[in-house]
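All of these numbers come straight from a predicted model, not from anything done at the bench. Letters A, B, ... are given to chains in the order of the sequence lines, protein chains preceding strands, and every chain is numbered from 1.
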2 protein chains.
Amino acid sequence: MRTQRLILAAIEQDLKAAGMPPLAWYDVLWELVRTEDGRLRPFEIEERTLLAQHNLSRLLDRMEEAGLVRREILPEDGRGRWVLVTGEGRAMRARLWTVYAAAIERHLGAKVEDAVAATLADGLERLVRGT
Amino acid sequence: MRTQRLILAAIEQDLKAAGMPPLAWYDVLWELVRTEDGRLRPFEIEERTLLAQHNLSRLLDRMEEAGLVRREILPEDGRGRWVLVTGEGRAMRARLWTVYAAAIERHLGAKVEDAVAATLADGLERLVRGT
DNA sequence: GTTTTATATATGCAATTGCATTCAGTTCGA
DNA sequence: TCGAACTGAATGCAATTGCATATATAAAAC
């Protein structure tokens, strides 16, 4: 808990210092960009990012407001929406990544050897999966 | 990040389900209880819990309101306060712990063997210290 | 078919957090 | 010894989050 809080705070700090939006924005953009056609349903983003539903709904409001994504109703199911990345959204993700990657390297990569990192990743993964 | 979020959410969930206050309350109470005379300066709690200053200030408001701690001005430095645990605070910490301990066991202990946990703890510690 | 139940998303409102600033008191330097 | 600089804590206000509920639609049950 302590480690995560410290490192997350440090990374968010770096993003803010670079005038970038918070990490959650990156997470959403990334999930969208890595799909075939740059779009997902909100509930899919929800699952992938672990954001709470109402929380994501409002994050999408802000991102739409900022021109990074666009929402469209989908014909086959009137309840749902598509969330599409815009070009601006893709550009923002790329810019975010340069800062984010540097932050990861600084606050994580530079601190432990790859072997330790791999062991950590493995152990943490087990924790989630339950052995 | 994912592991931490999932496990923390699960634990907070257990606390809430038991009608208990959030984990941060426990952290503060614990830091107080483990001292010799059950009192600390706000900035000391801050360091130990990683809570932000203004944030802690308000958390203490709530905890004082709930009768778990008490604030006193300290004579030797007019700027500072003492934060003291009350008997109620100690009782609450003990009750919190029964739920918290069970949650830890359920969401952590039951999921990995001790050896893995030890390796994890070591690796995470290194991350903070920088090797 | 019409009522129930379930799913997907949004929203009103209260609680919490973040940020900048304020306030009070201490220390330091000329 | 007086004002600048600093430290510890609190606070006003905006942004975010949590919680419950609303809205809209679809699927299932009768």
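- V69(A) is not listed as a side-chain neighbour of L84(A), based on a closest heavy-atom distance of 4.5 Å or more.
- T3(B) places a side-chain N or O within donor-acceptor distance of the main-chain N or O of L124(A), the cut-off being under 3.5 Å.
- Heavy-atom distances to DNA chain C give each of N55(B) and D77(A) a nearest nucleotide, and the one nearer the 5′ end belongs to D77(A).
- Comparing Q13(A) and L74(A) by the nucleotide of DNA chain C whose heavy atom lies nearest to each, the residue mapping closer to the 5' end is L74(A).
- In terms of position on DNA chain D, the residue among P75(A) and L60(B) whose nearest nucleotide sits closer to the 5' end is L60(B).
- Judged by distance alone with a 3.5 Å cut-off, no donor-acceptor contact links the side chain of R81(B) to the base of dG25(C).
- Taking atom CG on L51(A) and atom P on dT17(D), their separation rounds to 8 Å, with Å as the unit.
- Atom CG of L40(B) and atom C1' of dG8(D) are 15 Å apart (whole Å).
- Between the CD1 atom of I73(B) and the C1' atom of dC23(C) there is a distance of 15 Å, given to the nearest Å.
- When heavy atoms are screened at a 4.0 angstrom cut-off, D61(A) is found touching no nucleic acid atom at all.
- In terms of polar N and O atoms assigned as donor or acceptor, the side chain of R79(A) comes within less than 3.5 Å of the base of dT7(C) in a complementary pairing.
- Rounded to an integer number of Å, the gap from E72(B) CD to dA10(D) P is 13 Å.
- Proximity of a side-chain donor or acceptor of T49(B) to a complementary backbone N or O of V28(B) within less than 3.5 Å is not detected.
- Counting any heavy atom pair closer than 4.0 Å across all strands shown, R41(B) reaches sugar-phosphate atoms only and no base atom.
- Atom CD of E12(B) and atom C1' of dC19(D) are 15 Å apart (whole Å).
- With hydrogens and angles ignored, a donor-acceptor pair closer than 3.5 Å exists between the side chain of R58(B) and the base of dG12(D).
- Ring geometry for W97(B) against Y100(B) counts as perpendicular: the plane angle is over 60°, on a 0 to 90° scale with 30° as the lower cut.
- We find that CG of L8(B) is positioned 14 Å from C1' of dT17(D), with the value rounded to whole Å.
- You'll find that the side chain of S57(B) is closest to dT11(D), out of dG25(C), dT11(D), dA6(C).
- Spacing between atom CZ of F43(A) and atom P of dT9(C) amounts to 6 Å, rounded to whole angstrom units.
- With rounding to whole Å, R5(B) atom CZ is found 13 Å from dT17(D) atom C1'.
- Here the side chain of S57(B) pairs no donor or acceptor atom with the backbone of Q53(B) at under 3.5 angstrom.
- For dA10(C), the base has a donor-acceptor partner in the side chain of Q53(A) [N/O atoms by modelled type, under 3.5 angstrom].
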